[in-house]
Enquirer: 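Dropping the structure in here first, questions after.
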Amino acid sequence: MPELKTRWDIFCTVVDNFGDIGVTWRLARQLVAEHSLAVRLWVDDLRAFERLCPDIDINAVQQWQEGVEVRQWPTDWVSTDAAEVVIAAFACQLPSAYMDAMAAREKPPLWMNLDYLSAEDWVIGCHGLPSVKYKSVQKFFFFPGFQPGTGGLLRERGLLERRRHFQQGREAQEKFLQGLEIYPAQGAQLISLFAYENAGLASWLDVMSAESMPTHLLVPEGRILGDVERWLGVVGLAAGDVHVRGALTVQVLPFVRQDQYDQLLWSCDFNAVRGEDSFVRAQWAGRPLLWHIYRQDEDIHLDKLEAFLTLYTKSLSVPAAEAIGGLWRAWNSAQPVSDHWLATRKHWPELQKHAEAWCLEQALQADLAAALVQFYESWI
Ligand code: TRH
């Protein structure tokens with residue numbers, strides 16, 4: 001008889017942007033591919049999902065994608081059995097009928113809230129703790145993180161080997177870039193830019209256009225394009241557009257599938273990323289990065305920024321730590337970044353080495369999918 005697979009349900013409400021679906025889609029695929037689990041991913045907004053995964057049929061109530069059963073999370077819930085493991089991503093509220101189905105199971109399921117990523121120390125104390133209870137069903141906190149004692153980061157098996165192989169082979173990189181019609185000038189540095197609106201961008205573009213080294217800036221379609229348009233003095237920027245100003249070439253890219261976005265990060269010398277998932281992927285790229293953190297009420301995101309900078313810069317020399325920290329702080333307060341960029345440049349070799357070392361250090365921890373499975377195995 002074939003072995004019955006443990007069933008996992010992951011619930012995702014798309015609050016805004018792509019991080020919620022980006023993280024849950026990545027996790028769902030990994031649980032299927034590496035842990036042979038039967039995973040249903042319940043999503044309330046298939047249009048956002050389609051941007052990362054163009055194969056999604058936005059009208060399908062149920063569909064299979066890469067071994068994951070993708071279910072439209074309907075406004076009017078249709079009754080369904082609860083799975084053995086239930087993940088509510090980012091504190092989303094489960095349908096009450098589903099909660100009743102969880103409570104009706106002979107053995108209650110393991111119910112976890114997968115939280116947002118933070119480098120703050122308190123996360124270690126809270127990871128894995130019981131949260132609320134619904135009837136007989138106990139909910140647990142599950143926190144991703146950068147330090148031992150947290151749930152770790154999403155990292156697929158063999159990711160770093162694939163990344164290194166790609167970065168070592170010129171041909172693969174050229175082929176990838178040409179596929180997106182990217183033809184950088186000889187000796188140009190490649191930078192990717194994925195960010196929220198940012199008034200500090202103009203100062204960065206000013207300084208890059210005036211540098212002696214040519215820069216090819218790749219900007220996926222998205223929220224930062226308005227700032228790029230203002231600086232270029234053009235309107236209606238769209239994928240495929242290329243504009244040159246001094247030493248700077250700006251190219252707008254289409255929003256690509258998640259796997260291609262990884263390759264874009266691997267191809268670049270420096271990556272400006274945002275939110276949660278692209279931020280983690282840029283760390284796995286092993287290249288220096290700039291993080292535009294997701295804004296939160298009462299500026300609590302700034303505590304998260306500082307907590308990460310403290311960890312990330314710990315083993316850097318003081319001047320390099322000050323340079324990269326200054327750049328990140330200015331970028332996240334929409335201040336001019338030109339001087340910080342020039343200061344960062346002075347420590348380039350150290351920052352490059354550090355990016356790889358940080359990536360290897362992070363990879364020593366169990367990845368988030370494995371940590372979730374381990375949590376379940378110790379719980380049963
Ligand atoms: O889109 P985001 O700003 O998402 C944010 C954050 O997750 C934030 O914490 C959360 O609270 C908020 O959403 C609701 O940034 P993030 O997390 O990097 O997600 C972007 C996803 O899009 C990521 O999975 C990478 C993917 N992506 C592509 O697949 N192709 C692309 O071309 C680009 C630029 C991104």
Enquirer: Using 0.5 Å steps for rounding, measure from the SG atom of C359 to the CG atom of L159.
Expert: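 Taking SG in C359 and CG in L159, the distance rounds to 8.0 Å.
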Enquirer: Please check if the side chain of E84 supplies one atom and the backbone of R7 the other of a donor-acceptor pair under 3.5 Å.
Expert: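 Yes, because the side chain of E84 sits within donor-acceptor range (under 3.5 Å) of the backbone of R7.
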Enquirer: Any side-chain heavy atom of V373 within less than 4.5 Å of one from E34?
Expert: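 Counting from C-beta outward, V373 and E34 never come under 4.5 Å.
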Enquirer: If every non-hydrogen atom of D9 is compared with every non-hydrogen atom of D81, which pair is closest and at what distance?
Expert: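 Taking D9 first and D81 second, the nearest heavy atoms are OD2-O, 4.2 Å.
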Enquirer: What about the rings of F308 and W358, do their centers lie closer together than 6.0 Å?
Expert: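 So the answer is yes for these two rings.
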Enquirer: I'd like to know if the side chain of N332 pairs up with that of W291 as donor and acceptor (distance under 3.5 Å, no hydrogens or angles considered).
Expert: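 No.
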Enquirer: Between F49 and Q65, is a side-chain contact (heavy atoms from CB on, under 4.5 Å) present by the stated rule, with each step listed?
Expert: CA-CA 11 Å; F49 197 170; Q65 297 290 348; 5.6 Å; no
Enquirer: Do F270 and W341 have ring centroids that are under 6.0 Å from one another?
Expert: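 Between F270 and W341, which both carry aromatic rings, the centre distance is below 6.0 Å.
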Enquirer: So, does Q263 use its side chain to make a donor-acceptor pair with the main chain of F176 at under 3.5 Å?
Expert: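 No, the answer is negative, given that no donor and acceptor are paired below the 3.5 Å cut-off.
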Enquirer: Mind checking whether V43 and V15 sit in one hydrophobic cluster, side chains of I, L, V, M, F, W, Y counted as touching below 4.5 Å?
Expert: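 Result: yes, single cluster for both.
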Enquirer: For F255, enumerate each residue passing the ring pair (Phe, Tyr, Trp, His ring centres under 6.0 Å) test, keeping only those at least two apart in sequence or located in another chain.
Expert: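 Checked F255 against ring pair (Phe, Tyr, Trp, His ring centres under 6.0 Å); matches are F18.
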Enquirer: If you compare all heavy atoms of T313 against all heavy atoms of A321, which two are closest, and at what distance to 0.1 Å?
Expert: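 What the structure gives for the nearest pair is CB-CB, 3.7 Å.
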Enquirer: Counting only heavy atoms not in K107, do more than 12 fall under 6.0 Å of its NZ?
Expert: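 Check passes, neighbour count above 12.
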Enquirer: Quick one: closest heavy-atom pair of S209 and D206, and the distance?
Expert: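 Closest approach of S209 to D206, heavy atoms only: OG-O, 2.8 Å.
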Enquirer: Identify the heavy atoms of V235 and E229 that sit nearest to each other, and give their distance.
Expert: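 Heavy-atom minimum between the residues: C-OE2, 3.9 Å.
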Enquirer: Just by distance, do the side chain of Q335 and the backbone of S333 share a donor-acceptor pair under 3.5 Å?
Expert: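 Present.
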Enquirer: So that I know where these two stand, are F11 and W111 an aromatic pair - ring centroids less than 6.0 Å apart?
Expert: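 No - the distance between ring centres of F11 and W111 does not fall below the 6.0 Å cut-off.
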Enquirer: So if you build clusters from Ile, Leu, Val, Met, Phe, Trp, Tyr with side-chain heavy-atom gaps below 4.5 Å, do Y134 and I87 land together?
Expert: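 Different clusters: Y134 never reaches I87 through Ile, Leu, Val, Met, Phe, Trp or Tyr contacts under 4.5 Å.
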Enquirer: Does any N or O in the side chain of Q138 come within less than 3.5 Å of the main-chain N or O of S131, such that one atom is a donor and the other an acceptor?
Expert: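 It does hold such a pair.
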Enquirer: Could you measure the distance from the CG atom of L153 to the CZ atom of F279? Nearest 0.5 Å is fine.
Expert: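 Rounded to the nearest 0.5 Å, the CG-CZ separation comes out at 9.0 Å.
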Enquirer: Please table the atom pairs, donor to acceptor, closer than 3.5 Å between any side-chain atom in residues 186-193 and protein atoms at least two apart or in another chain.
Expert:
from, atom 1, to, atom 2, distance (Å)
Q189, OE1, R345, NH2, 2.5
Q189, NE2, T215, OG1, 2.8
S192, OG, N271, OD1, 2.6

Enquirer: Is the side chain of H301 donor-acceptor paired with the backbone N or O of Q296 at a distance under 3.5 Å, no angle test?
Expert: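 Yes; judged by distance alone, with no hydrogens or angles, the pair exists.
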Enquirer: Hey, could you give me the CH2/CG distance between W328 and L309, rounded to the nearest 0.5 Å?
Expert: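 Output value for this atom pair is 5.5 Å.
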Enquirer: Between R163 and Q167, do the side chains contain a donor N or O and an acceptor N or O under 3.5 Å apart?
Expert: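 R163 and Q167 do have a side-chain donor-acceptor pair below 3.5 Å.
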Enquirer: Not counting sequence neighbours, list each pair that qualifies as a salt bridge (Lys or Arg N to Asp or Glu O under 4.0 Å) and has a residue in residues 44-63.
Expert: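 Residue pairs passing salt bridge (Lys or Arg N to Asp or Glu O under 4.0 Å), neighbours aside: D55-R257.
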Enquirer: Go through the side-chain N and O atoms of E174 and Q178 and say whether any donor and acceptor fall under 3.5 Å apart.
Expert: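 Looking only at side-chain atoms, Q178 and E174 do not form any donor-acceptor pair under 3.5 Å.
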Enquirer: Pair L368, L114 - check side-chain contact (heavy atoms from CB on, under 4.5 Å), show working.
Expert: CA-CA 10 Å; L368 189 133; L114 175 62; 4.2 Å; yes
Enquirer: Per the salt bridge (Lys or Arg N to Asp or Glu O under 4.0 Å) rule, what does the pair list look like for residues 10-30, sequence neighbours excluded?
Expert: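 The answer is R26-E156, R26-D277, R29-E66, R29-D259.
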Enquirer: With distance as the sole test, does E211 use its side chain to make a donor-acceptor pair with the main-chain N or O of A247 at under 3.5 Å?
Expert: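 The answer is no, because no donor-acceptor pair under 3.5 Å joins these two groups.
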Enquirer: Hey, does L289 have a side-chain heavy atom less than 4.5 Å from the side chain of Q283?
Expert: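 In short, these two side chains touch, coming nearer than 4.5 Å.
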Enquirer: Once salt bridge (Lys or Arg N to Asp or Glu O under 4.0 Å) is applied, do any residues pair with D299, and if so which ones, sequence neighbours excluded?
Expert: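 D299 satisfies salt bridge (Lys or Arg N to Asp or Glu O under 4.0 Å) with R295 once adjacent residues are dropped.
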Enquirer: Applying side-chain contact (heavy atoms from CB on, under 4.5 Å) to T13 and F90, what does each step give before you reach the verdict?
Expert: CA-CA 8 Å; T13 47; F90 312 123; over 6 Å; no
Enquirer: Are F142 and H127 an aromatic pair by the rule of ring centers under 6.0 Å?
Expert: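 Aromatic pair counts; centres sit under 6.0 Å.
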Enquirer: Are the side chain of R281 and the backbone of V273 linked by a donor-acceptor contact shorter than 3.5 Å?
Expert: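 Absent.
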Enquirer: Is there a side-chain contact (heavy atoms from CB on, under 4.5 Å) between L290 and T344? Walk through the geometry before answering.
Expert: CA-CA 11 Å; L290 171 60; T344 299; over 6 Å; no
Enquirer: Would you compute the distance between atom CG of L110 and atom OH of Y376 and round it to the nearest 0.5 angstrom?
Expert: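 Those atoms lie 7.5 Å apart.
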Enquirer: Does any part of the side chain of V228, heavy atoms only, come nearer than 4.5 Å to the side chain of V252, both counted from C-beta?
Expert: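 SC-SC contact between V252 and V228 ruled out.
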Enquirer: Between Y312 and H354, does the ring centre distance come in under 6.0 Å?
Expert: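 Yes.
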Enquirer: If you measure from CD on Q62 to CZ on R40, what distance do you get to the nearest 0.5 Å?
Expert: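 The CD atom of Q62 sits 9.5 Å away from the CZ atom of R40.
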Enquirer: What pair of heavy atoms forms the shortest contact from M102 to V86, and how long is it?
Expert: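 That would be SD-CG2, 3.6 Å.
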Enquirer: The criterion is salt bridge (Lys or Arg N to Asp or Glu O under 4.0 Å); which residues satisfy it with E322, sequence neighbours excluded?
Expert: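 Once residues adjacent in sequence are excluded, E322 has no partner under the salt bridge (Lys or Arg N to Asp or Glu O under 4.0 Å) criterion.
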Enquirer: Using ring centroids (six-membered ring only for Trp), state whether W8 and W42 fall under 6.0 Å.
Expert: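 No, the ring of W42 stays outside the 6.0 Å limit from the ring of W8, centre to centre.
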Enquirer: Applying the 4.5 Å side-chain criterion to the ILVMFWY set and letting contacts propagate, would V14 and L94 be lumped into a single cluster?
Expert: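 V14 does not cluster with L94.
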Enquirer: Is there a donor-acceptor pair closer than 3.5 Å between any side-chain N or O of Q72 and the backbone N or O of L46?
Expert: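 Checking the backbone N and O of L46 against the side chain of Q72, no donor-acceptor pair under 3.5 Å is found.
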Enquirer: Roughly how far apart are R274 CZ and F194 CZ, rounded to 0.5 Å?
Expert: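 So the CZ of R274 and the CZ of F194 are separated by 3.5 Å.
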Enquirer: Any ion pair linking R230 and E197 (charged N to carboxylate O, less than 4.0 Å)?
Expert: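 No, this pair does not count.
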Enquirer: In terms of side-chain heavy atoms, does R71 have a donor or acceptor partner in T80 at a distance below 3.5 Å?
Expert: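 No.
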Enquirer: With the side chain counted from C-beta on, respond yes when L232 and L205 share a heavy-atom pair under 4.5 Å apart, and no when they do not.
Expert: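 A side-chain contact is absent here, since even the closest heavy-atom pair is not under 4.5 Å.
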Enquirer: Any donor and acceptor pair, going by atom type alone, linking the side chain of E221 with main-chain N or O of A238 inside 3.5 Å?
Expert: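 Side chain of E221 to backbone of A238: no pair is present.
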Enquirer: Could you check whether atom CD of E298 has more than 12 heavy atoms from other residues, nucleotides or ligands sitting under 6.0 Å from it?
Expert: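 Counting other residues, nucleotides and ligands, CD of E298 stays at 12 neighbours or fewer.
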Enquirer: Would you confirm whether Q63, through its side chain, and I56, through its main-chain N or O, come within 3.5 Å as a donor-acceptor pair?
Expert: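 Checking the backbone N and O of I56 against the side chain of Q63, no donor-acceptor pair under 3.5 Å is found.
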Enquirer: Begin from the C-alpha positions of D100 and K135 and carry the test salt bridge (charged side-chain N to carboxylate O under 4.0 Å, His left out) through to its verdict.
Expert: CA-CA 8 Å; D100 286 330; K135 298 183 180 168; 2.9 Å; yes
Enquirer: Do F140 and Y98 belong to the same hydrophobic cluster, where Ile, Leu, Val, Met, Phe, Trp and Tyr are linked whenever their side-chain heavy atoms lie under 4.5 Å apart, directly or via other members?
Expert: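 No, F140 and Y98 fall in different hydrophobic clusters.
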Enquirer: Is there a chain of hydrophobic side chains (I, L, V, M, F, W, Y, each step under 4.5 Å between heavy atoms) that links L154 to V123?
Expert: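 No; V123 is not reachable from L154 via cluster members.
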Enquirer: Which pair of heavy atoms, one from P108 and one from E106, lies closest together, and at what distance?
Expert: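 Nearest pair, atom of P108 first, then E106: CD-O, 3.8 Å.
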Enquirer: Parallel, tilted or perpendicular, judged at 30° and 60°: which one describes the rings of W331 and W204?
Expert: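 Perpendicular.
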Enquirer: Does either side chain, that of Y294 or that of N17, offer a donor lying less than 3.5 Å from an acceptor on the other one?
Expert: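 Their side chains do not contain a donor-acceptor pair, so the 3.5 Å distance test is not met.
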